[in-house]
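Reading through the structure tokens given below for one structure.
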Amino acid sequence: MKRIILSMAIIFGTCALAQEKKSDTAKTKNIEGVTITKQVFKKQSDRFVYDVAASPIAKGNTTFDLLKQTPLLSSTDDKTLKIAGKNNALIYINGRKSNMDSESLAQFLKNTPAENIQKIEVITVPGSEYQVESSDGIINIVLKKKMSDGLNGNMRMSNTTNKYNGSQASFSANYRKNKLGISASLSGGENIEAQTYTLRNGTAKTSNESVGDVDDPNKNIGGYLNIDYQLNDKSNLALSWNTWANKSYNSTVDLFNTIKKTNTEYTWSKNREDSRSYNNSVNLNYELKTDSLGSKLNVNAAYLNYRRFQSTDNQTFASDINREVGKIKTQVFQDLPQIINNFSGMVDYNQKFKNDLTVSIGGNYNKTKTDNDSKNITYSFNPVKAPDSRPNHFIYDENIYGMYLTLEKKISDKLSGKIGARYEITNSLGTSDNAPTEALRRIERNYKNLLPYLSLNYTINDKNNISYSFSSRMRRPSFWELNPVRNILTDDNYTQNDPFVKASSTYNQELTYMFKNSYFLILNHSYIQDVITQVPLQGYPVSPAGKEGENPALRYIRTNFGNKQEMSAMVGIQKSFFKQYWTTNFNIGVQHNINNGSLDTDPTTGDRFKDEKGTHGKFITYTNKTNSTSLLIQTNNTVRLDKKKTWFFGVNYFFVDKQQIELGSLKNLMSLDLSLKKMWNDWTFAVNVNDVLNTNIVKIEDFQENGNYNYIHQNRYNRSLTVSLTYNFGNQKVKKVRDIEGASDTIKSRTR
């Protein structure tokens, strides 16, 4: 059911893309506010640098709140962080990606007070040394240098109310003694993710409408343990373990369906799902400093194990115009387990020279095996038919070899640059011992990619700075996208994964101008080949053998869907006024999307779709060759209410004009969020109200030239009230143990 929620609406990914242009993800640690004298926001080489220590918003905030206030960063769903113009944001600590599991990221960031951050770096176009995909950006959090022996930590409790009530709690501690550093965290909570759907599709002659609710209860628990030991003045050895578990039993989908053909038919779709997932990873790191200039060697070895067990019971009942539940018509049982094992290794070496030249070289290896032993049994009761059993044991093996070389040079006091390239070899094989078609029994993909990178930065004078970056990246499909199973919403409405999806290529360009380290202009252009997305195919399905379906169907197909261009222009300001009583972060811009894709065949089954039943029907092609230009506005404001800096009021707002995405036209979205915060000694009390006006509701509409239409209305109950209480204890000068970039980090984002 989570796959249905994720895939069906597209919704988090689509909205985020629409709103910011919203993993891999990461974690942060404790931060302490300081006395503010001025703010600093500037462009350095390949990144934007935000001096948190000089910002009035740091004191008393959680790490998540602090990041939302950082220029170019935002969160439109209060769960994920986004960089303006980027698909995804990876969070690094002191230049190293965290091992925190992606599902636990939001809870961890919200449960960690901002206590020891020196600065935040926003890398919009990462260099070749970073293992990122597509147009991903990086948020690097740099901790303060102060360090002393002792213990510190924090405890946090919060409660959130929207349609239902949810609660979270966390405990984290950092300990340092001489050469040994240990950090640990444990967090958990429970909530019900609620959504209300209205789905309409059809033609002038037929239509299908589904209206109802999706409720997904979740219980989560997870944490991490990091042990870092300084072998000598030049070397460190670290062991990290991360774990996260989710239990979601009795998730429900209740949709009332109205099917209009020559007559009108009414049905109920009542789906029940039990699922649980476990994610464990272990990473061993060795770091060696080779000279006094900062040159160093990093070696990582890691193991990742991801397990998800999902069973569904999808039932369709006859009904009438009064929505009475009648006799059962069909019942589909699905068992959809997925087990992922990954072994990874990574070596990086940075050599610094006295003439301001840095040479970075490294390589990585990832071996992943994904086991999907799914079962699907369909029972028909009216008329009664023999059960239709369709097991499918799909195994996907993947080997990735990567290497990179980067040269960074400060040419003069005004001009600096970086040039590099990453070379990747991918060998993959998907096999099935009982696939319904021969083509699905062996799917082999082998490709090689050279990914260049260039960055130039020119400081005109102390008030003006200009920079340019170019990057080429790939995006590999998530492992669940490759598993050839259906996620059923109704009898005639479901999502279809696709094992034939291949990696897409992205080419990013960015031009930036900054004035007085407070005002900025950013121009972005991205060209994506073989876009990995989800598009609707609808009508009467016709199999390759010529068998035609009795009812019109709607399938959301995961596939490669042509090419796409995204262009944006944004101006912004990050500044404090009235003696730092008011700090504002304001962005306004336009985004232009050029879509160019078409699809006429289900790539997994080979089915095509007719606009009407029988020999007179014509085959249908779904096309999206529409352009759109959208206005984007976002502002985050913090107002200090007293001289002692203990009361703060926050006002955040975003607006996204309607724009064309793969599923159709996404209508405009906006949200107004308010917050009030009180600090008292080591305690912080906060109240947050999100989506005050209840306007962050997804509406997607598409009209095809052939007469087909598709409409999605999804309310995710974003309007919510959150009350939290945080307590910090111990020696607040303790430095968090080193964060190590795990060798399996790039794989984790593909388990989502």
Side-chain angles (χ1 to χ4, degrees), residues 1 4 8 196-214 252-272 312-334 376-388 486-496 536-543 546-557 602 605 607-620 622 701-704 706-714:
M1 192 166 301
I4 293 174
M8 216 4 252
T196 297
Y197 277 107
T198 298
L199 308 170
R200 297 192 193 103
N201 62 87
T203 67
K205 298 179 181 179
T206 64
S207 66
N208 190 340
E209 180 183 76
S210 300
V211 180
D213 298 318
V214 177
T252 62
V253 175
D254 292 290
L255 296 176
F256 180 73
N257 311 303
T258 303
I259 305 165
K260 294 182 179 180
K261 300 179 289 184
T262 55
N263 61 340
T264 302
E265 179 183 355
Y266 303 96
T267 64
W268 271 103
S269 295
K270 292 184 175 291
N271 306 337
R272 302 294 180 267
T312 64
D313 178 6
N314 307 290
Q315 302 180 48
T316 301
F317 296 87
S319 185
D320 55 31
I321 195 171
N322 297 317
R323 300 194 175 191
E324 297 292 335
V325 179
K327 293 183 179 180
I328 188 170
K329 296 183 64 178
T330 61
Q331 187 171 21
V332 182
F333 291 103
Q334 289 184 300
N376 187 310
I377 303 176
T378 302
Y379 296 90
S380 298
F381 300 98
N382 186 22
V384 176
K385 297 180 181 179
D388 181 11
R486 296 176 179 177
N487 293 290
I488 298 172
L489 197 61
T490 72
D491 264 359
D492 303 309
N493 195 326
Y494 55 84
T495 63
Q496 174 72 59
L537 284 181
Q538 64 187 66
Y540 288 90
V542 181
S543 71
K547 183 179 179 181
E548 190 170 347
E550 292 296 324
N551 293 322
L554 171 64
R555 300 180 190 175
Y556 290 92
I557 306 294
D602 184 330
T605 64
D607 292 353
R608 298 187 68 186
F609 293 78
K610 285 186 174 182
D611 59 357
E612 60 179 282
K613 186 174 174 61
T615 57
H616 297 291
K618 298 180 181 179
F619 286 111
I620 299 171
Y622 176 81
E701 194 168 38
D702 178 65
F703 294 92
Q704 293 284 299
N706 55 34
N708 279 6
Y709 73 92
N710 186 27
Y711 173 79
I712 297 173
H713 181 287
Q714 185 198 34

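Excluded from the calculations below are hydrogen atoms, water molecules and symmetry mates; all remaining heavy atoms, backbone and side chain alike, are included. Along the sequence shown, residues carry numbers from 1.
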Just so I know, are the side chains of [X] and [Y] near enough to count as touching, which here means a heavy-atom distance under 4.5 Å?
X      : Y      : result
Asn493 : Leu554 : yes
Leu489 : Leu199 : yes
Gln331 : Asp313 : yes
Asn487 : Tyr494 : no
Tyr709 : Ser207 : yes

_Thr312 and Asn271: CA distance, side-chain angles, deciding distance, side-chain contact (heavy atoms from CB on, under 4.5 Å) verdict_ = CA-CA 7 Å; Thr312 64; Asn271 306 337; over 6 Å; no

*Sequence-distant partners of Lys261, salt bridge (charged side-chain N to carboxylate O under 4.0 Å, His left out), two or more places apart*: none

*Partner set under salt bridge (charged side-chain N to carboxylate O under 4.0 Å, His left out) for Arg200, not counting sequence neighbours*: Glu209

*asked:* Please find the pair of heavy atoms, one from Trp268 and one from Val325, that lie closest to each other, and give the distance.
replied: CD1-CG2, 3.7 Å

_Closest contact, heavy atoms only, Leu255 versus Tyr197_ = CD2-CB, 4.5 Å

With sequence neighbours excluded, residues passing side-chain hydrogen bond (donor to acceptor under 3.5 Å, both in side chains) with [X]:
X      : result
Asp702 : Gln704
Asn706 : none
Glu701 : none
Thr198 : none

*Among Thr495, Thr605, Asp607, Leu537, which residue meets the side chain to side chain contact (heavy atoms under 4.5 Å, CB included) test with Ile557?*
Leu537

*Pairwise salt bridge (Lys or Arg N to Asp or Glu O under 4.0 Å) hits with a residue in residues 319-333, at least two apart*: Glu265-Lys329

So how far is it from [X] [atom1] to [Y] [atom2], rounded to the nearest 0.5 Å?
X      : Y      : atom1 : atom2 : result
Ser210 : Ile259 : OG    : CD1   : 7.5 Å
Tyr540 : Phe609 : OH    : CZ    : 13.0 Å
Glu548 : Ser543 : CD    : OG    : 9.5 Å
Asn201 : Thr206 : CG    : OG1   : 8.0 Å
Phe256 : Thr267 : CZ    : OG1   : 7.5 Å
Asn257 : Thr316 : CG    : OG1   : 7.5 Å

Can you list everything that forms a side chain to side chain contact (heavy atoms under 4.5 Å, CB included) with [X]? Sequence neighbours excluded, please.
X      : value
Pro383 : Lys385
Ile377 : Tyr379, Pro387, Ser389
Val332 : Asn314, Gln334, Asn376, Thr378, Ile488
Asp611 : Lys618, Ile620

*asked:* With a 3.5 Å distance limit and no angle check, can you tell me whether Asn208 reaches the backbone of Ala553 through a side-chain donor-acceptor pair?
replied: no

*Partners passing ring-ring contact (aromatic ring centres under 6.0 Å, His included) against Tyr622 (at least two apart in sequence or in another chain)*: Phe561

*Might you work through the side-chain contact (heavy atoms from CB on, under 4.5 Å) test for Glu550 and Lys613, ending with a clear yes or no?*
CA-CA 8 Å; Glu550 292 296 324; Lys613 186 174 174 61; 3.9 Å; yes

